[in-house]
Amino acid sequence: MMSYLDNNATTAVAPEVAEAMQPYLHQQYGNPSSAYRIGREAREAIARARAQVASLLGAHTDEICFTSCGTESDNAALRSALETQPERRRIVTTTVEHPAVLNFARRIEPKGYSVTYLPVDERGRLDMQALKDAVDNSTAIVSVMHANNETGVLFPIDEISTLCKERGAIFHTDAVQSIGKIPIDLKGMPVDMLSLSGHKLHAPKGIGVLFVRRGTPFESLIVGGHQEQGYRAGTENVASIVGLGMACELAANGLHKESARLAALRDRLEQGLISACRDTRINGDASCRLPNTTNISFGYIEGEAILMKLDAAGICASSGSACSSGSDGPSHVLRAMKVPAEFIRGSLRLSLGRYTTEKEIDAALAIVPGIVADLRRLSPWLPGRGASCFGKSAE
Ligand code: PLP
């Protein structure tokens with residue numbers, strides 16, 4: 001049996017989604033820009049999907065632009081804000097954003113833009129005073145994620161978007177991890193742009209959305225034909241768009257009930273691991289985070305070693321962000337939270353999803369404590385073993 005506890009990395013495509021996509025991979029292959037029947041039908045399918053996405057978000061259909069992924073949506077939002085307001089040359093963001101935002105900001109910094117990276121506290125919460133101090137009339141865009149992919153910690157985008165509106169700055173949120181997991185209603189919130197990604201909510205990989213509120217100045221990242229109302233050129237990925245529409249409809253149905261189910265399973269997993277393993281801590285504000293995510297650190301051992309043993313036991317997890325695995329050193333998110341040196345490398349992200357069962361949680365509870373105990377027996381870093389810790393305390 002496999003326990004898949006890495007739903008923040010990606011999710012399984014829902015059977016209903018795969019079924020809805022099928023016709024558009026076979027007989028319904030028309031180009032949505034074509035005038036004849038199969039073209040018209042593809043166009044109508046996209047319109048239906050747009051309505052399904054808009055309904056989940058509380059948006060108008062003309063505010064939904066399909067993109068190729070969450071990364072593209074983030075890049076498009078930031079690039080557009082800079083291009084449409086050339087007199088404003090500052091980006092305000094956080095130290096814990098996904099690389100889709102952070103690396104964009106780093107790329108444009110040497111080109112005459114200034115970037116403010118807002119700090120978080122040891123529970124991963126944003127310093128709201130620093131945000132207030134940073135946003136001024138030179139700010140083109142404030143980009144703050146809704147939920148952190150590594151810890152699940154939620155940022156108060158309602159409050160932040162209101163502040164940005166008062167200061168005249170465009171507000172973008174990367175909601176890739178929150179959409180489909182917790183309710184959102186953009187009708188009552190002055191968010192100007194929002195990114196989401198299909199593969200985090202049981203649609204395929206390679207499809208995303210950028211929400212652009214009516215009236216927000218916009219320049220497209222990808223130029224060419226007039227698809228997506230001129231917001232994004234390129235022949236539409238019809239099958240994946242249809243799949244994403246279905247995924248949004250599925251997510252909307254029973255969202256509250258599913259959130260509560262996930263939170264209960266996650267809490268059982270977390271509490272079970274804390275009581276079975278000494279020297280363990282939860283990273284992130286436990287009172288304000290996604291219902292499906294726990295980021296847990298086992299002191300004095302390496303997360304990568306835990307992952308390898310978990311893999312051998314059929315458990316899929318992550319020791320940080322899947323998107324940054326392969327990069328050196330501990331996660332930038334945990335470093336920003338100043339997780340103590342003896343804990344920062346032993347972190348494990350366990351993220352649940354719609355298909356997570358109690359059996360999978362039981363399997364993890366049966367296996368993880370033994371792995372932690374085995375690794376600790378070998379660990380030179382345990383207090384009293386002589387070796388100094390994993391280097392200096394995290395910056
Ligand atoms: N933003 C966040 C918060 C994410 O977690 C991810 C993916 O892990 C992305 C953006 C990138 O989305 P995509 O994989 O669709 O490019």
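We count ligands from 1, going down the list as the structure has it; atoms in each ligand are counted the same way.
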T293 side chain to N8 side chain, donor-acceptor N/O pair below 3.5 angstrom: yes

Option with minimal heavy-atom separation from atom 6 (C) of ligand 1, where the choices are H146, H98, E72: H98

Atoms of ligand 1, numbered as shown, that sit under 4.0 Å from any heavy atom of H199: 13 (P), 14 (O), 15 (O)

Check: C69 N/O within less than 3.5 Å of ligand 1 N/O: no

Element-labelled atoms of ligand 1 that are located less than 4.0 Å from some non-hydrogen atom of M145: 3 (C)

Atoms in ligand 1 with a heavy atom of K200 nearer than 4.0 Å: 6 (C), 7 (C), 8 (O)

Salt-bridge present (R377, D374; N to O < 4.0 Å): yes

Side chain, backbone, both or neither: the part of V176 lying under 4.0 Å from ligand 1 by heavy atom: side chain

Considering all heavy atoms, the nearest L273-A364 contact: CD2-O, 4.5 Å

H199 and T10: side chain donor to acceptor below 3.5 Å: yes

Residues that Y231 engages under ring pair (Phe, Tyr, Trp, His ring centres under 6.0 Å), provided they are two or more places apart: F218

Ligand 1 N/O within reach of N8 N/O, cut-off under 3.5 Å: no

Sidechain N-carboxylate O distance under 4.0 Å for R50, E228: yes

